[in-house]
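Below is one structure, written out as structure tokens; the observations come after it.
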Amino acid sequence: MTSHTVRDLVVGLQPSEARALQTDIRFVEFFGLPGIGKTTASNLMAKSLQGCGPLIGDVRIAGQTRTFISRQIHRIGIVIPRFRQTEFRSLVRRIARFVIQSGQVSLVDAFKVTWNLCSLVAYIEDERGRNNSIIIMDQGLLQGFWSVFLKSKNRETSERWFDILSSIGLHDMIFLYLRGGVDVARDRLQVRGDRSSRMQRTSLDSYRDLWSTADRACREMVADLEREMRREDHSCVLAAVEVDRLASPEDVAEQALEAVLLACLDRHRLCDSATQ
């Protein structure tokens, strides 16, 4: 799967460019409905990127080997020290204000989504201070904000989710939107052998409404992101990957891989132009 795409990209490079891509992209985040295939596609794509060798460099999957408990312990370990930083405390206050004003169904829901977003911010800031790896995330910032909208009563808040996202920083991110219908995501989620998604734990009475809300939140967030990216000079990348009933996980990962490689190549050429 990988070799053909990489070969095509390398052939298109000028002789002076045929080396490791110089890019500031650090995070590749998958976004989409529960069950649409984010985790499977991200794992397959990460392996393909790792197979690119020196062309891409070090590629890691966020939290791949951690259990739920060890993940929470790791989160505490990176969040607590960040509270010494004024900028991080400001982001936490803005996230908390956004969540509270969104009107979550319960205090437990409000705490969960706030903690998740704050942990993601701390993780991203922590990784930015480390070596120049590309981190693949199947549960990232967009998915975190989506979780807020899933059970919110109010869409209008004094803090806009995109403004918070911009303050966290977009310059080193690629967002891959797995765009597929509710029927595809729901059917795939039903055959999974776990109950890790809140969509699997909801009551039958609210099941259909929750899926409708989930789909609407995804589409509205992508539309917001596209609109803001056109309005302002944001250097992040947003790419849509189509997912239908006939699309295998390998097909989805192939499309995602192509989008990431093209973004890396474009950023590489921009970096080269800036240094010349």
Side-chain angles (χ1 to χ4, degrees), residues 23-32 38 62 75 78-79 82-104 110 112-130 132-150 152 154-179 216-241 259-260 262-264 266-267 270-271 274:
T23 175
D24 57 356
I25 290 173
R26 294 294 314 283
F27 303 95
V28 177
E29 178 181 315
F30 283 74
F31 173 63
K38 298 182 296 294
R75 284 180 164 188
I78 59 175
V79 169
R82 293 280 166 185
F83 274 101
R84 293 195 293 265
Q85 301 176 4
T86 303
E87 185 176 350
F88 181 77
R89 294 199 303 272
S90 175
L91 278 171
V92 170
R93 285 194 294 269
R94 293 176 64 186
I95 290 170
R97 187 182 305 119
F98 168 71
V99 171
I100 291 171
Q101 292 180 355
S102 72
Q104 294 296 294
K112 285 182 177 179
V113 294
T114 302
W115 170 246
N116 182 49
L117 280 169
C118 292
S119 301
L120 286 167
V121 173
Y123 175 78
I124 287 170
E125 291 183 352
D126 189 59
E127 288 296 336
R128 280 175 174 158
R130 296 177 182 270
N132 193 30
S133 302
I134 294 180
I135 311 298
I136 312 298
M137 306 174 70
D138 67 336
Q139 298 289 328
L141 290 168
L142 291 189
Q143 210 69 33
F145 282 111
W146 172 86
S147 294
V148 177
F149 290 128
L150 184 62
S152 67
N154 308 313
R155 188 65 193 265
E156 297 299 325
T157 58
S158 61
E159 289 283 356
R160 295 196 314 154
W161 74 272
F162 184 82
D163 291 339
I164 299 174
L165 183 66
S166 296
S167 297
I168 297 167
L170 297 171
H171 64 283
D172 54 1
M173 295 186 178
I174 298 176
F175 298 114
L176 295 176
Y177 173 41
L178 301 193
R179 183 164 54 198
R216 183 172 63 253
C218 275
R219 295 178 183 276
E220 289 180 352
M221 287 180 65
V222 170
D224 288 347
L225 189 56
E226 290 175 335
R227 182 171 55 254
E228 294 294 340
M229 288 172 62
R230 287 194 301 267
R231 183 179 301 171
E232 301 179 30
D233 184 22
H234 292 289
S235 56
C236 72
V237 177
L238 172 64
V241 176
V260 171
L262 287 172
C264 288
D266 287 343
R267 196 64 62 85
L270 285 173
C271 291

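Any value given below was found using the heavy atoms of this structure, including those in side chains, with hydrogens, waters and symmetry copies removed.
Remark: R93 pairs with no residue by the side chain to side chain donor-acceptor pair (under 3.5 Å) rule, at least two apart or across chains. Annotation: ring-ring contact (aromatic ring centres under 6.0 Å, His included) contacts of F31 (sequence neighbours excluded): Y177. Every residue meeting the side chain to side chain contact (heavy atoms under 4.5 Å, CB included) condition with S158, not counting sequence neighbours, appears here in chain and number order: R97, Q101. Contacts of F88 classified as ring-ring contact (aromatic ring centres under 6.0 Å, His included), with partners at least two apart in sequence or in another chain: F83. Qualifying salt bridge (Lys or Arg N to Asp or Glu O under 4.0 Å) partners for R219, counting only residues two or more places apart in sequence or in other chains: D215. Remark: R216 engages no residue in a salt bridge (Lys or Arg N to Asp or Glu O under 4.0 Å) (not counting sequence neighbours). Listed by chain and residue number, R26, F27, R60, Y123, R130, I135 satisfy the side chain to side chain contact (heavy atoms under 4.5 Å, CB included) test with E127 (two or more places apart in sequence, or in another chain). E226 pairs by the side chain to side chain donor-acceptor pair (under 3.5 Å) definition with nothing, not counting sequence neighbours. Qualifying side chain to side chain donor-acceptor pair (under 3.5 Å) partners for S133, counting only residues two or more places apart in sequence or in other chains: D58, N131.
Residue C236 comes nearest to M229 through the heavy atom pair O-CE, 3.4 Å, listed as atom of the first residue, atom of the second, then distance. Here the shortest heavy-atom pairing between V148 and S102 reads CG1-OG, 3.6 Å. The minimum heavy-atom distance between E87 and S167, with the atom names listed, is OE2-O, 4.3 Å. When all heavy atoms of A239 and A259 are compared, the pair lying nearest together is CB-CB, 3.9 Å. Of all the heavy atoms in V237 and A263, the pair that sits closest is CG2-CB, 4.0 Å. Of all the heavy atoms in D172 and G169, the pair that sits closest is OD1-O, 4.4 Å.
Atom CD1 of I164 and atom CZ of F145 lie 5.0 Å apart (nearest 0.5 Å). Atom CD of residue Q143 and atom CZ of residue F175 lie 11.5 Å apart, to the nearest 0.5 angstrom. Interatomic distance, K38 NZ to M137 CE, rounded to the nearest 0.5 Å: 13.0 Å. We find the CG-CD1 distance between D163 and I168 to be 11.0 Å, quoted to the nearest 0.5 Å. Between the CG atom of D24 and the NE2 atom of H171 there is a distance of 6.0 Å, given to the nearest 0.5 Å. Taken to the nearest 0.5 Å, the OG atom of S152 stands 14.0 Å off from the CD1 atom of I100.
Within the 4.5 Å cutoff, side-chain heavy atoms of W146 are placed close to those of L150. Residues C264 and V260 have side chains in contact (heavy-atom distance under 4.5 Å, counting atoms from C-beta outward). With contacts defined as side-chain heavy-atom distances shorter than 4.5 Å, the pair L165/E228 does not qualify. Side-chain contact between R160 and D224 is absent, with no heavy-atom pair separated by less than 4.5 Å.
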Evaluate the ring pair (Phe, Tyr, Trp, His ring centres under 6.0 Å) criterion for residues F149 and F98: first the C-alpha distance (whole Å), next the side-chain angles of each, then the deciding distance (0.1 Å), finally the verdict. CA-CA 10 Å; F149 290 128; F98 168 71; 5.8 Å; yes

Would you sort out whether L141 and W161 count as a side chain to side chain contact (heavy atoms under 4.5 Å, CB included), showing the intermediate values? CA-CA 10 Å; L141 290 168; W161 74 272; over 6 Å; no

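When atom types are taken as modelled, the side chain of S90 and the backbone of T86 share no donor-acceptor pair closer than 3.5 angstrom. A distance-only check finds no donor-acceptor pair linking the side chain of Q104 to the backbone of V99 [under 3.5 Å].
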Would you be so kind as to tabulate the donor-acceptor pairs closer than 3.5 Å made by side chains of residues 114-122, with sequence neighbours excluded?
{"from": "T114", "atom 1": "OG1", "to": "A110", "atom 2": "O", "distance (Å)": "2.7"}
{"from": "W115", "atom 1": "NE1", "to": "Q72", "atom 2": "OE1", "distance (Å)": "2.9"}
{"from": "N116", "atom 1": "OD1", "to": "R75", "atom 2": "NH2", "distance (Å)": "2.9"}
{"from": "S119", "atom 1": "OG", "to": "W115", "atom 2": "O", "distance (Å)": "2.7"}

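Salt bridge annotation for E125-R128: absent, with no cationic side-chain nitrogen under 4.0 angstrom from a carboxylate oxygen.
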